[in-house]
Protein chains: 2
Amino acid sequence: MQYEWGPNIEQETETNTLAAQTYNKIRQDIISGSLEPGSKLQSEKLKKQYDVGSSPLREALTQLAANGLVTSEGQKGFRVVDVSLKELRDITKLRMHLEVHGFKESIAHGDVEWEVAVTSAYRRLVHAIEELSSGKSGSARSWEDIHRGFHLSLVQGCGSPWLISFCHRLYEHFERYRRIYVEYREISPKILEEHEALHQAAINRDADLAEKLLSEHILFAARLTEADARKKGIQDGGEIIAAAEQEMELIK
Amino acid sequence: MQYEWGPNIEQETETNTLAAQTYNKIRQDIISGSLEPGSKLQSEKLKKQYDVGSSPLREALTQLAANGLVTSEGQKGFRVVDVSLKELRDITKLRMHLEVHGFKESIAHGDVEWEVAVTSAYRRLVHAIEELSSGKSGSARSWEDIHRGFHLSLVQGCGSPWLISFCHRLYEHFERYRRIYVEYREISPKILEEHEALHQAAINRDADLAEKLLSEHILFAARLTEADARKKGIQDGGEIIAAAEQEMELIK
DNA sequence: ATCAAGTATAATTTGGATATTTTTATATTT
DNA sequence: AAATATAAAAATATCCAAATTATACTTGAT
């Protein structure tokens, strides 16, 4: 969150403290699902696994806890935060609300720098899709990073560092659900089309279209995730109706 | 953030770990302004001041950094996060956006428990005002806690733990600006009236009125804070127009 | 089966070791 | 002589490993 130099991408700088490196590694492992939801994070095991001492590890876990990827109870250590359909829906609704708001603000107030950033992110996305479909997977950044980069670029121009940081956090948690539950599919032409449309809406500054496209895009991803999560037997939060779908009605 | 037991007040449980206690103390001191914005947080001094060792202190600071009250740069330690009019406006806009949204959601979906909670929070507020104006200040909870309790109760029924947690964080940061800059005034009858109106709107489930009242309430507080901040020479973020005021136009 | 005491395990904290940054002093160049 | 560059010293952030304290488990008695 910085105001002097304008809105920025949340620091991904390779901070060299052990604690920061460990934070990134564990974060990756939680989002990718290799550290399972609800599982206990025992310090001794983690110290061996990530080859660090107590202090950096503890610092990493504390940070993760503050970001909501880990829970920390009293004197009982840390756990990977649990998952539920209820929370998936909550995250989805709020993502729709905030990202759409941020996107429209970007469209209203974003400067040329923002347009350039969106286009760059879009080009990287296209490039990554081409590489993936042609087999060679050797891109520097991962598909996940590039995809996140595009979505966050849309709100990057809104002028509100706070809103941007909230969108980051929500995206991160949403991504965890997707990576845990959605089984890999070929990247369909539909994906490319949707992102192209979003890019166009941004460049054309078409706020209404932007709202419609982004809402649908997020909701579609959420539906897919929820469907696959059900198959794999995620615990239901106890509700029947996907509240996010109601929200959609308002848009149509 | 918990889904099993429904929306809840962010844990204020007296966790007994030293780190948690230290976190609370430093947090208080930052919000109250006794630890000045931008000032360096030197570990040796803090260790003496709060009478703790390195690890709990570091843990507290790490947590504060993740919550945005503290910045931590590379190997250069921690600082109290700086203030600017630009950020005050950002927080204000987003608070208006999110708290109003949460309040309306509470009105739409909140159950009886929520109504009870709002009324309780309101009664505590009235009681506190009476005590303050009659001189005896011996209430258990501080005025700040009670006031925060009331405002957060309004969004408590919205059914979205994520939205609630965002409102918490924004309120916390907004409160810091207020406590640092707004010079103490008698609690005017206006304050009591405004909160009574908010309470009534909640109980009557009047969403439109709720939106109007809460927007105005937040904006009024922001104006007051900004005015006093200018007097005391806060650094301006470089903008001239209070963007939040535009938002108000939409409501009228 | 339930409870209590004792043991084992694991989280938290302490205090000090290591590595980095900042400051100060000295030397070199313009 | 002033300014810049280099090197030593001080300050301070980060990290580790041992000591402490709290929780979880086991065992034996009621």
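Heavy atoms only: backbone and side chains are in, while hydrogens, waters and symmetry mates are out.
- When distances run from any side-chain atom of A:Ala19 to the nucleotides D:dA13, D:dC15, C:dT12, the shortest one goes to D:dC15.
- Side-chain N/O atoms of A:Arg58 include none lying less than 4.0 angstrom from OP1 or OP2 on C:dA11.
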Worksheet item: Which is it for B:Arg148 and B:Glu172 under the salt bridge (charged side-chain N to carboxylate O under 4.0 Å, His left out) test, yes or no, and what are the steps along the way?
Response: CA-CA 9 Å; B:Arg148 182 175 61 241; B:Glu172 187 172 57; over 6 Å; no
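- Atom-to-atom, CD of A:Glu73 to C1' of D:dT23 comes out at 11 Å; the value is rounded to the nearest Å.
- Between A:Pro37 and A:Arg176 the shortest side-chain heavy-atom distance falls below 4.5 Å.
- Atom pair B:Tyr23:OH and C:dT13:P shows a separation of 16 Å (rounding to whole Å applied).
- For the pair A:Lys76 and A:Glu59, both in contact range of DNA chain D, the more 5′-proximal nearest nucleotide belongs to A:Glu59.
- Taking only side-chain nitrogens and oxygens, B:Gln75 never comes nearer than 4.0 Å to OP1 or OP2 of C:dT21.
- Here B:Lys45 lies out of heavy-atom contact (under 4.0 Å) with every strand.
- Under 4.0 angstrom from either OP1 or OP2 of D:dA13 there lies no side-chain N or O belonging to B:Lys47.
- Within a 6.0 Å sphere centred on CD of B:Gln49, heavy atoms belonging to other residues, nucleotides or ligands number more than 12.
- Atom C1' of nucleotide D:dA17 and atom CG of A:Leu57 are separated by 14 Å, given to the nearest angstrom.
- Between A:Leu41 atom CG and C:dA10 atom C1' the separation is 14 Å, expressed in whole Å.
- A side-chain donor-acceptor contact under 3.5 Å links A:Asp111 to the backbone of A:Glu113.
- For B:Lys48, the NZ atom sits in a loose shell: 12 or fewer heavy atoms of surrounding residues, nucleotides or ligands are nearer than 6.0 Å.
- Note on A:Glu44: nothing from the nucleic acid sits closer than 4.0 angstrom, heavy atoms only.
- Taking atom CG on B:Leu61 and atom C1' on C:dT13, their separation rounds to 16 Å, with Å as the unit.
- Between the side chain of A:Ser54 and the base of D:dC16 there is no donor-acceptor pair of N/O atoms closer than 3.5 Å.
- Interface remark: the B:Ser55 side chain does form a donor-acceptor pair with the C:dT14 base, using a distance-only criterion of under 3.5 Å.
- Residue A:Pro56 places its side chain closer to D:dC16 than to any other of D:dT14, C:dT13, D:dC16.
- Protein atom CG of B:Leu46 is 15 Å distant from nucleotide atom C1' of D:dT14, rounded to whole Å.
- Between the CZ atom of A:Phe78 and the C1' atom of D:dT23 there is a distance of 15 Å, rounded to whole Å.
- Taking atom CD of B:Gln42 as the reference point, atom C1' of D:dA13 lies 11 Å away to the nearest angstrom.
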